[in-house]
Engineer: 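Attaching a single structure in structure tokens format; questions to follow.
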Amino acid sequence: MAENKEVNPVEEKKGLNFIQQIIANDLKEGRNGGRLNTRFPPEPNGYLHIGHAKAICMNFGTAKMFGGTCNLRFDDTNPVKEDVEYVESIKEDIKWLGFDWSDREYYASDYFPKLYDLAVRLIKEGKAYVDMQTSEQIAEQKGTPTKAGVASPFRNRPIDESLDLFDRMNKGEFDEGAYVLRAKIDMASSNMHFRDPIMYRIIKHEHHRTGNQWNVYPMYDYAHGQSDYFEGVTHSICTLEFEVHRPLYEYFVKELAKDDYCPRQLEFNRLNLTYTVMSKRKLLQLVKENLVSGWDDPRMPTICGLRRRGYTPESIKSFIDKIGYTKYDALNSVSLLEHSIREDLNRIAPRVSAVINPVKVIITNYPEDKVEMLPMENNPEDENSGTHEMPFTRELYIECDDFKEEAPKKFFRMSVGNEVRLKSGYIVKCTGCKKSATGDIEEIYCEYDADTRSGMPGSERKVKGTLHWVSARHCKDVEVRLYDRLFNVENPAEEKDKDFRELLNPDSLKVLNNVKVEPYLAETAKVGDHFQFQRIGYFTVDRDTTTDKLVFNRTIALKDSWEKEKGK
RNA sequence: UGUCUUAUGGUGUAAUGGUAGCACUGCAGUUUUUGGUACUGCCUGUCUAGGUUCGAAUCCUGGUAAGACAACCA
């Protein structure tokens, strides 16, 4: 599988992370014939999350940077937890992120025969033996990090006997747990992984690819390095928790490696995000207990969740780029991710008008039947984005929050006696309002200045505030979903004494059913489209699976300094 | 009471023995038909004690703190 491929000589080390620098050196020294082949090796036991995106960017991105290749390998050595559903979702998410493994799609399960043969060889060479103790006994004998282990009574089982037992293990003659194949290394090693690690265990569960063909399955430590070797992987880049496994990786790989080719494991720090749970086990629990709507719930840190929420591949990659790769156990602020999506959406999302919490405004000196189609810029950040038309009429809706009968200090929005501009429309002066018995504002009255329509000479006049609005007669009602962080503690992983479910934010989802939007939006929105609702936030179009209706997911709110000021 | 790894502003990251820089956050301001965006400025940093060196964030030693490792998970 290894092919000789030219790689780009990257002489300049600027801009390379520490792993890429090591790779640049290896290439310079001509290691592995100057080849670069990385791999992304997910176990198909769950959906990919943003932590995987970091690994994907490292493996695919680095290979691309040097002109090497990156394999997609499914690490499917434990049939109990794995499923094709996950295989398919993983492939979809990698593609969506913009990476391509071409035809380099591999499965650790494809190597079961080779791995089995190698295991037989190791038994014959006296480097492995079949143990028949319980997992408790084996754990007991393993010792602790500070206390050496003791040898299994089966450690010196005759080779022929181990060979025979291993064969019968695979033929299905024994129950799960009855026997294991262990590497004979060093029960006193300071590295726990060297204390005769288990290479094979009996599992009688249908495998999603090999069916019931096998009754023994290799463990990660034995399978991973060998799989890398079989594929011609040169740099096996993984996260820091595998650092302690590296000597064992090297131990097993040495059994195959030749002078001119030996894969190498390198480790970087995994992603930790504030207010975010990244553990696959816990994410699975959220899904199973219906605490979220599924793996793709827009509050989930999964790739598909972020996609539905409205995150773009560019924003995720830009975020990964910003946080970098080191060996320091960091806790990254989710605000950096939020910055990345605002940055991208500000660039690409068309501006539309929507009123979340409407109150009626009547322009008393505007003719009742008149409708003016006012042009509105689609995106001031993009000159080529053009305009769309919005109907202006005597009766409008504005945001409840945008009116106060009497303006507090530094309040620049509508208040009685003051002028504001209606975005892309006229300057209006508020003349009064109608209140209910309980004091709620029912209607607001304004007079418009006909000379101040946007684009006219009289529109030069400056007023402090600009408000977004929709025509009461033309606007449509849509469903909007406001998402907030799923957890309300900064570092949920650190709250070890608490059940993580207690840390869930009860207000992480708010559904608003009657948000008034301009007709243009209602007519043009398609699933996956991004929009900026003026002054409110970025929204992405989604489809409700039960009602089949379009809904708008809030990706992220706009920054609003007035909101902060109110909070003070 | 072991082995391995790490330590640079509030956060994340750069500086590869030679001027501690960048991004985010926060604060202040300028522009603005979005209190957004953009732009400008400000705040804040080499864990600690020694050593090597003309010169140390960088190399060495001790200390301190943090993380990983004791699954028939990956």
Side-chain angles (χ1 to χ4, degrees), chain A residues 13-15 17-18 21 41-43 45 75-78 80-82 108 131 134-135 138-140 142-149 176-182 189-193 195 198-203 216-217 219-221 223-224 238-247 267 269 274 280-281 321-333 335-340 342-343 346-347 351 353 376-377 380-381 410-413 420-425 427 452 454-455 459-468 532-537 558-565:
Chain A
K13 283 185 175 177
K14 289 258 185 279
N17 62 49
F18 77 102
Q21 289 177 17
E43 182 187 14
N45 67 345
D75 228 340
D76 53 351
T77 57
N78 184 359
V80 179
K81 294 162 123 191
E82 296 154 9
D131 201 338
T134 64
S135 57
I138 289 173
E140 178 73 29
K142 207 159 217 178
T144 69
T146 54
K147 202 179 117 219
E176 287 187 12
Y179 292 91
V180 288
L181 182 70
R182 298 178 73 179
S189 172
S190 57
N191 186 333
M192 295 295 290
H193 299 285
R195 324 248 258 229
I198 290 171
M199 293 168 63
Y200 271 92
R201 75 287 210 194
I202 299 169
I203 298 176
V216 291
Y217 289 87
M219 297 285 289
Y220 167 87
D221 279 311
H224 201 90
C238 58
T239 45
L240 235 29
E241 66 267 27
F242 292 101
E243 201 162 30
V244 203
H245 296 246
R246 196 197 317 142
E267 310 89 8
N269 62 342
T274 56
K280 253 195 208 175
R281 206 194 86 242
D321 198 49
K322 286 179 173 86
I323 59 173
Y325 296 86
T326 65
K327 300 188 81 165
Y328 175 71
D329 186 49
L331 177 62
N332 292 92
S333 172
S335 62
L336 189 55
L337 177 63
E338 293 172 346
H339 164 79
S340 300
R342 282 200 189 98
E343 189 178 47
N346 176 56
R347 201 168 52 80
R351 274 58 171 166
S353 293
M376 179 143 118
E377 266 187 301
E381 308 291 320
K410 286 197 177 176
F411 181 82
F412 307 138
R413 308 179 192 183
V420 289
R421 171 170 297 281
L422 296 173
K423 174 77 181 168
S424 305
I427 292 175
T452 58
S454 287
S459 71
E460 316 271 299
R461 188 145 65 86
K462 303 282 181 213
V463 287
K464 263 281 197 185
T466 302
L467 265 44
H468 60 278
Q532 185 195 95
F533 289 9
Q534 304 267 15
R535 273 266 307 290
I536 299 172
L558 252 47
K559 287 184 169 182
D560 188 341
S561 56
W562 170 248
E563 284 299 317
K564 272 178 209 158
E565 204 155 315

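Proteins come first, then strands; the chains are lettered A, B, ... in the order of their sequence lines, and each starts at number 1.
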Engineer: One thing to verify: whether K327(A) and E243(A) come together as a salt bridge, which I'm taking to mean a side-chain N less than 4.0 angstrom from a carboxylate O.
Structural biologist: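 Salt bridge: yes.
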
Engineer: Answer yes or no: does a side-chain N or O of S333(A) lie under 4.0 Å from OP1 or OP2 of rU25(B)?
Structural biologist: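 Checking S333(A) against rU25(B): no side-chain N or O falls below 4.0 Å of OP1 or OP2.
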
Engineer: Can you list everything that forms a side chain to side chain contact (heavy atoms under 4.5 Å, CB included) with N346(A)? Sequence neighbours excluded, please.
Structural biologist: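 N346(A): side chain to side chain contact (heavy atoms under 4.5 Å, CB included) contacts with R351(A), E381(A), Q532(A), Y538(A).
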
Engineer: Could you encode protein contacts along nucleotides 59-74 of chain B as a string, one character per nucleotide from 5' to 3', using B for base contact, S for sugar-phosphate-only contact and - for no contact, with a heavy-atom cut-off of under 4.0 Å?
Structural biologist: --------SSSBSBBB

Engineer: Distance check, C1' atoms only: rA23(B) and rU61(B), in whole angstrom units.
Structural biologist: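 Going atom to atom, C1' in each nucleotide, I get 36 Å.
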
Engineer: Quote, to the nearest angstrom, the C1' distance that separates rU44(B) from rC54(B).
Structural biologist: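 One C1' to the other, the span is 32 Å.
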
Engineer: Taking the side chain of K327(A) as its heavy atoms from C-beta onward, which of rC24(B), rU5(B), rA14(B) lies nearest to it?
Structural biologist: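 Closest nucleotide among those given: rU5(B).
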
Engineer: Under a 4.5 Å cut-off applied to non-hydrogen side-chain atoms, are S424(A) and E377(A) in contact?
Structural biologist: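 No, every pair of side-chain atoms sits at 4.5 Å or beyond.
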
Engineer: If you measure from the P atom in rC73(B) to the same atom in rA65(B), how many Å do you get, rounded?
Structural biologist: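 Here rC73(B) and rA65(B) have their P atoms 36 Å from each other.
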
Engineer: Using the P atom as the reference point in each nucleotide, state the distance between rC72(B) and rG67(B) in Å, no decimals.
Structural biologist: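 These two P atoms come out 25 Å apart once rounded.
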
Engineer: What interatomic distance, in whole Å, is found between C1' of rU6(B) and the corresponding atom of rG12(B)?
Structural biologist: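 Those two atoms are separated by 15 Å.
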
Engineer: Do S459(A) and R421(A) pass the side-chain contact (heavy atoms from CB on, under 4.5 Å) test, and can you show the C-alpha distance, the side-chain angles, and the key distance before you say yes or no?
Structural biologist: CA-CA 9 Å; S459(A) 71; R421(A) 171 170 297 281; 3.7 Å; yes

Engineer: In chain order, what residues pass the side chain to side chain contact (heavy atoms under 4.5 Å, CB included) check against R461(A), with sequence neighbours excluded?
Structural biologist: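 With sequence neighbours excluded, R461(A) shows a side chain to side chain contact (heavy atoms under 4.5 Å, CB included) to E419(A), I427(A), D449(A), T452(A), given in chain and number order.
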
Engineer: If you measure from the P atom in rA20(B) to the same atom in rA56(B), how many Å do you get, rounded?
Structural biologist: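 Nearest-Å result for rA20(B) against rA56(B) at atom P: 12 Å.
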
Engineer: How far does NE2 of H193(A) sit from OG of S190(A), to the nearest 0.5 angstrom?
Structural biologist: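 Reported to 0.5 Å precision, the distance equals 11.0 Å.
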
Engineer: When you look for runs of 3 or more Watson-Crick or G-U pairs in a row, both distances below 3.5 Å, which of them include RNA chain B?
Structural biologist: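 So far as stems of 3 or more pairs are concerned, RNA chain B shows B:2-7 with B:64-69, B:10-13 with B:21-24, B:26-30 with B:38-42, B:47-51 with B:59-63.
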
Engineer: Quote, to the nearest angstrom, the P distance that separates rU31(B) from rU40(B).
Structural biologist: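 Straight-line distance between the two P atoms is 15 Å.
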
Engineer: If the sugar-phosphate is the primed atoms plus P, OP1 and OP2 and the base is the rest, what is the B/S/- string for nucleotides 32-40 of chain B, using protein heavy atoms under 4.0 Å?
Structural biologist: -BBBBS---

Engineer: Y179(A): what forms a ring-ring contact (aromatic ring centres under 6.0 Å, His included) with it, not counting sequence neighbours?
Structural biologist: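 ring-ring contact (aromatic ring centres under 6.0 Å, His included) check on Y179(A) returns F174(A).
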
Engineer: Distance check, C1' atoms only: rU48(B) and rA14(B), in whole angstrom units.
Structural biologist: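 Looking at atom C1' only, rU48(B) and rA14(B) are 24 Å apart.
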
